[in-house]
Undergrad: 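First, the structure itself, so that you have it in front of you.
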There are 2 protein chains.
Amino acid sequence: MTITDAATARPADPAEFELPPACESGAFDAESSEARIVRDVLARVGDKWSLLVIRMLHEHPMRFTELQRSIDGISHRMLTQTLRNLERDGLVTRTSYPEIPPRVEYAATELGRSLALPVLGLVEWASTHHASITGARERFDVTRA
Amino acid sequence: MTITDAATARPADPAEFELPPACESGAFDAESSEARIVRDVLARVGDKWSLLVIRMLHEHPMRFTELQRSIDGISHRMLTQTLRNLERDGLVTRTSYPEIPPRVEYAATELGRSLALPVLGLVEWASTHHASITGARERFDVTRA
DNA sequence: CTGTATCCTTTTGGATACTG
DNA sequence: CAGTATCCAAAAGGATACAG
């Protein structure tokens, strides 16, 4: 993804991706724009934290600190940023109750919940095949010294 | 992922992840190690090119240059590196025919093909909902100036 | 509690030259 | 053709201080 520091550099140009400069001798637009779509979505879902947040919010709405506690290694800054991106993409909602101290609830949207489905498929694949991958890695690494 | 430059820094320590320093007051091992597994697999599949390579090889085996031509923006270096990582994880095989000039064929393994399934689910989700995301982004951005 | 801003390190990845 | 190595720019992300 572009969007260097979405939480920080707010007034910058949003929604800006690396459109390949319409290179001539390559694949066609149909294919390459579909590739962009896939990369685009995968970039959102594939970054370090988005999936884990989506997954937590798929169960029930949660507030900021609750999420931070339940996600283990996530930093304050990255949680904010991840939530902002997910909100921007219409995958979660943010509801702020003007109390004191402030309370903010995050929840998955319909879109976010629909994303959770294929994502959970991937999660299941990961659990099922993780050992195979680890094994393959070890074998690969020893044969290379 | 760790593995700074897998194609380059070969003799370094492989298979090394950021094990959280067994922090006391947080989630339990069961949860946090499962989270690592998910992040781990997602890191492989979620980087800039792996998925696209997996997807191409899911259709039929291909050789290096063929892949490079069909993937559009990928650089020589990143294709090598991505293939090396996928090979290491047991997701693709590399078969080199000692001809001159050399010919190398890459193919998805059984494991790689099984990964393609949930991945294609995600790809389908991406195609279906990409417009929603784009729309949400635009709405979000205009309400922020 | 929630969020923003700053600083700084690590990682990612492109360009490019060179090898068998 | 396939692969490796070097160099360098950009991006990701953690720590931390601070504000409402």
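Letters A, B, ... mirror the listed sequences (proteins, then strands); counts begin at 1.
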Undergrad: Within the structure, does a side-chain N or O atom of B/R84 lie under 4.0 Å from either OP1 or OP2 of D/dG3?
TA: yes
Undergrad: Is it true that B/E66 and B/R63 make a salt bridge, defined as a side-chain N closer than 4.0 Å to a carboxylate O?
TA: no
Undergrad: Could you tell me if the side chain of A/L67 sits less than 4.5 Å from the side chain of A/L83, heavy atoms only?
TA: yes
Undergrad: Given axes from five pairs at either end, by how many degrees does the helix from C/dC1-D/dG20 to C/dG20-D/dC1 bend, rounded to 10°?
TA: 40°
Undergrad: Output the distance between atom OG1 (B/T65) and atom CZ (B/R103), rounded to the nearest 0.5 Å.
TA: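 Between atom OG1 of B/T65 and atom CZ of B/R103 there are 12.0 Å.
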Undergrad: Please determine whether a side-chain nitrogen or oxygen atom of B/K48 lies at a distance below 4.0 Å from atom OP1 or OP2 of C/dG14.
TA: yes
Undergrad: Ring centres under 6.0 Å, that's the criterion: do A/Y106 and A/H60 meet it?
TA: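 Ring centroids of A/Y106 and A/H60 are no less than 6.0 Å from each other.
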Undergrad: Does the base of C/dG3 carry an N or O that pairs as donor and acceptor with the side chain of A/H76 under 3.5 Å?
TA: yes
Undergrad: OP1, OP2 of D/dG3 versus side-chain N and O of B/R94: anything below 4.0 Å?
TA: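 Yes, because at least one side-chain N or O of B/R94 sits under 4.0 Å from OP1 or OP2 of D/dG3.
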Undergrad: Describe the nucleic acid contact of A/Y106 in one word from base, sugar-phosphate, nothing, applying a heavy-atom distance below 4.0 Å.
TA: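 Since only primed, P, OP1 and OP2 atoms lie under 4.0 Å of A/Y106, the category is sugar-phosphate.
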Undergrad: Under a 3.5 Å cutoff, is there a donor and acceptor pairing between the side chains of B/S50 and B/D47?
TA: yes
Undergrad: So, is A/R63 near the phosphate of C/dT2, with a side-chain N or O under 4.0 Å from OP1 or OP2?
TA: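 It does, given that an N or O in the side chain of A/R63 lies less than 4.0 Å from OP1 or OP2 of C/dT2.
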Undergrad: Kindly list each side-chain donor-acceptor pair under 3.5 angstrom involving residues 109-121 of chain A, sequence neighbours excluded, with atom names and distances?
TA:
residue: A/T109; atom: OG1; partner: A/G90; partner atom: O; Å: 2.7
residue: A/T109; atom: OG1; partner: A/L91; partner atom: O; Å: 3.2
residue: A/T109; atom: OG1; partner: A/L111; partner atom: N; Å: 3.3
residue: A/T109; atom: OG1; partner: A/G112; partner atom: N; Å: 3.0
residue: A/R113; atom: NH1; partner: A/H58; partner atom: O; Å: 3.1
residue: A/S114; atom: OG; partner: A/L111; partner atom: O; Å: 2.8
residue: A/S114; atom: OG; partner: B/W125; partner atom: NE1; Å: 2.9

